[in-house]
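I have placed the structure first, in the form of structure tokens, so that the comments after it can refer back to it.
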Amino acid sequence: MDKINKLRDIWDSISKVVNEQIDLSQKELINRYMDVFHFGEYFYVIFNTRTTEMEYVSPNVENIFSYTPDDFYLQVVMNNIHPEDLPYYYHYEQSAVRFFSGLEGDLFFKYKFAYDYRLKTREGSYKRVQQQIAPIYYFPKGGVRTLGIFTDLTHLNITGVPKLSFIGMQGAPSYYNVHQNDEFMQSLNVFSKKEQEILGFVVQGLTSEAIAQKVERSIHTIRNHRKHILEKSGCENVQELLVKAVREGWV
């Protein structure tokens, strides 16, 4: 319980001044926030920081971690995070509370934050997951209900320390690699709007031919876009680009 109590202490600082909520049904909320690129198998949870309970866990958790939805809860997560990643987990949750507490009221629901870490499966092996979290309801007396999306990144062979980013939606600016400094510095767009679209398709595993058909452009144009994306990213190959795109929050 010490691990849970440490999180309670962090979440006790969640803003109590949010007056306007998102007026959407749960189904509409899921559709709104699940409209993102996925680069592996994923499942999602609805989590309540006031009760520290997962109010809903989608069935696909069993395909990834071999837990049934009823057997996957916060204590299981805390007990199975890789020991080297646990300090980052606490630090990033604390950073998220600080970030959202500094937002203007009209921005509370325009951000999600994401970080990756290693989590042990029921069989005992570790998988690296990216956890994306978006607030969907603020309680008047403090605390928040969130939508959490867990995506399996194991196949990308990502190594190194976990990375944290705050991703703006509906035109809000993004803040990448926040773990590298103590300030929330707005990130410049690395790619053009069209390059960003092409990158999303690349991450999804589409070939240049398939992308050309989707965006109704010539194969030559798509190959030029991919060349420019690699140059701007500083990557030498597509595998390196996939890993960097996920960890930098480009998609």
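Residues D71 and V61 form no side-chain contact, since every pair of their non-hydrogen atoms from C-beta on lies 4.5 Å or further apart. By the 4.5 Å heavy-atom criterion applied to side chains, I46 and I136 are counted as neighbours. Inter-residue side-chain proximity for L241 and R226 is flagged as unmet; no heavy-atom pair is nearer than 4.5 Å. H91 has its side chain out of reach of L164: every pair of non-hydrogen atoms, C-beta onward, lies at least 4.5 Å apart. Side-chain contact between T52 and L7 is absent, with no heavy atoms from C-beta onward closer than 4.5 Å. Taking the side chain as every heavy atom from C-beta outward, E84 and V161 never approach each other to under 4.5 Å. Considering only heavy atoms from C-beta on, E93 comes within 4.5 Å of I133 through its side chain. With a 4.5 Å cut-off on side-chain heavy atoms, I14 and Y138 count as touching.
Heavy atoms only, all atoms of each residue included: Y67 and T121 are closest at CE1-C, 4.3 Å. Of all heavy-atom pairs between Y73 and D70, the closest is CD2-O, 3.9 Å. When every heavy atom of P135 is checked against every heavy atom of F108, the shortest pair comes out as CG-O, 3.5 Å. Heavy atoms only, all atoms of each residue included: R8 and T51 are closest at NH2-O, 4.1 Å. When all heavy atoms are compared, the tightest approach of K110 to Q170 is CE-OE1, 4.1 Å.
Follow the hydrophobic side-chain contacts under 4.5 Å out from F201 and you never reach I219; the two are in separate clusters. The hydrophobic clustering, which links ILVMFWY residues whose side-chain heavy atoms are closer than 4.5 Å, places Y126 and L156 apart. By the criterion of side-chain heavy atoms lying less than 4.5 angstrom apart, applied directly or through intervening Ile, Leu, Val, Met, Phe, Trp or Tyr residues, I4 is grouped together with F72 in one hydrophobic cluster.
Checked options V76, V129, D152; the residue passing with F65 is V129 (criterion: side-chain contact (heavy atoms from CB on, under 4.5 Å)). With D116 as the partner, the side-chain hydrogen bond (donor to acceptor under 3.5 Å, both in side chains) test is satisfied by one option alone out of Q131, R128, K163, Q130: R128.
With ring centers used as reference points, F99 lies 6.0 Å or more from F113.
Put simply, NE2 on H225 and CZ on R217 are 7.0 Å apart, with the number rounded to the nearest 0.5 Å. Separation of atoms CZ (R98) and OG (S13) is listed at 12.0 Å; rounding is to 0.5 Å. Between atom CG of residue L103 and atom OG of residue S101 there is a gap of 8.5 Å, rounded to the nearest 0.5 Å. Note that CZ of F47 and CZ of R145 are 11.5 Å apart. Values are rounded to the nearest 0.5 Å. N80 contributes atom CG, which lies 13.5 Å from atom CZ of R118 (distance to the nearest 0.5 angstrom). Here CZ of R122 is found 6.0 Å from OG1 of T68. Values are rounded to the nearest 0.5 Å.
With no hydrogens or angles considered, a side-chain donor-acceptor pair links H220 and N224 at under 3.5 Å. Side-chain atoms of Q132 and K112 form a donor-acceptor pair, as typed in the model, at a separation below 3.5 Å. Donor-acceptor pairing under 3.5 Å is lacking for the side chains of N60 and S58.
We find that E209 and R223 are joined by a salt bridge, their nearest charged nitrogen and carboxylate oxygen being less than 4.0 Å apart.
Ring pair Y89/Y117 is perpendicular by interplanar angle, where above 60° counts as perpendicular and below 30° as parallel. The aromatic rings of Y88 and Y92 sit tilted, their planes meeting at an angle between 30° and 60°. The aromatic rings of Y137 and F139 sit perpendicular, their planes meeting at an angle over 60°, well past the 30° parallel limit. Classification of the F100-F166 ring pair by plane angle, with boundaries at 30° and 60°, yields perpendicular.
Other residues, nucleotides and ligands place more than 12 heavy atoms under 6.0 Å from the CD atom of E123. Counting non-hydrogen atoms of other residues, nucleotides and ligands closer than 6.0 Å to NZ of K232 gives a total above 12.
The main-chain N or O of I64 is found under 3.5 Å from a side-chain atom of K127 such that the two form a donor-acceptor pair. When atom types are taken as modelled, the side chain of T49 and the backbone of V144 share a donor-acceptor pair closer than 3.5 angstrom.
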| For I198 and F191, what are the C-alpha separation, side-chain angles and deciding distance, and is it a side-chain contact (heavy atoms from CB on, under 4.5 Å)? | CA-CA 10 Å; I198 301 301; F191 308 107; over 6 Å; no

